[in-house]
Amino acid sequence: MTWPPWIRSAIADRQAGGGRLYGAVVRHLHNHVGPRLVDARSGLQIFAAAAAFTEMAGWMAHDTGHDGLAQQHFDRALPLARTSGDLTLAANIAASSSHLALQTGDPVQAAHLARTGLENVAHGPRIPSLTARLHTMHARALAVTQQHDPAVRALDTAHTVLGTSVEAEHPWISPFDAAALASEAALVMRDLERYDEALTMRSRQSVSGRRAGHGHWH
């Protein structure tokens, strides 16, 4: 599917983490994508596109401080992805929802969403970065609830998985690299009150971020 220039700009905006084009994305979903969802002639690809752009709108809402609105977008995006049959996309949205649940203080839901994402990603192409991201979200949720050993095991799994093989290509998967993992691992160690290890993880994040030339991800 070929997107017009403003949508390609919105994708770039999503990767940069801003809310600059939130209104345009929501209008496009309402005026152009939504009507096609009820058109019998539309294929499953339109459900995947709707899911991806709804997730994007959710992150844009979050970036501007509207977490309740972001949650609504994520709640809509996940069933759309499942309807499309794209379980990799569904897993990615579950990871985003888990991340938001952590930030809004619901670690039980965050853990559930991470496990759901891992179940979905197991049935799709091999994308180690997404699998590692889901294990990391699970580790963070476990750490918040003071489940020390399970949290460390989940984090160890994330480190093992990340970069283990060539990734399958997917147009909608959020980036997750060594710098992102180090950042999240530092939060895990902080919540487990292992502060020296948290500082070590932060140092690794700084080094990895300089090497990669970027650090922001969703």
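Note that the structure is predicted; figures quoted are calculated from it, not measured. Residue numbers count from 1 along this sequence.
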Atom of N120, atom of A91 and distance for their closest heavy-atom approach: CB-CB, 3.9 Å
For the student: nearest non-hydrogen atoms of Q147 and T145, plus distance: NE2-OG1, 3.0 Å
Note, L78 side chain near L80 side chain (heavy atom, < 4.5 Å): no
Common cluster, L89/V25, ILVMFWY with side-chain heavy-atom separation under 4.5 Å: yes
Pair L102-T104, side chain to side chain contact (heavy atoms under 4.5 Å, CB included): steps then yes or no: CA-CA 5 Å; L102 282 165; T104 56; over 6 Å; no
Side chains of L181 and D177 in contact at under 4.5 Å (non-hydrogen atoms): no
CZ-OG1 distance between R126 and T88, expressed to the nearest 0.5 angstrom: 12.0 Å
Side-chain heavy atoms of T136 within contact of F176, under 4.5 Å: yes
Closest non-hydrogen atom pair, P35 against H30: CD-O, 3.4 Å
Heavy-atom check, side chain of F74 versus side chain of H99, under 4.5 Å: no
Side chain to side chain contact (heavy atoms under 4.5 Å, CB included) evaluation trace for H135 with T131: CA-CA 6 Å; H135 280 296; T131 303; 3.7 Å; yes
Under 3.5 Å donor-acceptor, Q146 side chain and D191 backbone: yes
Any donor-acceptor N/O pair, H159 side chain to L155 backbone, under 3.5 Å: yes
Check: S84 and Q45 side chains under 4.5 Å, non-hydrogen atoms: no
Distance, nearest 0.5 Å, that separates CH2 of W172 from CD of E55: 9.5 Å
Any donor-acceptor pair under 3.5 Å from E193 side chain to R190 backbone: no
Any H73 side-chain heavy atom under 4.5 Å of F53 side chain: no
Q71-D75 side chain donor-acceptor pair, cut-off 3.5 Å: yes
Least distance between heavy atoms, L192 atom then A151 atom: CD1-CB, 4.3 Å
Side-chain donor/acceptor of H62 to backbone N/O of M60, under 3.5 Å: no
Heavy-atom closest pair, residues S129 and L162: CA-CD1, 3.8 Å
Nearest heavy-atom neighbours spanning P107 and A141: O-CB, 3.4 Å
From R76 atom CZ to L29 atom CG, the distance as rounded to the nearest 0.5 Å: 9.5 Å
Lys/Arg-Asp/Glu bridge criterion (N-O < 4.0 Å) met for E184, R140: yes
Residue pair D67 / L100, side-chain heavy-atom distance below 4.5 Å: yes
Heavy-atom donor-acceptor pair, S98 side chain to A110 backbone, under 3.5 Å: yes
N92 side chain reached by L134 side chain, heavy atoms, under 4.5 Å: no
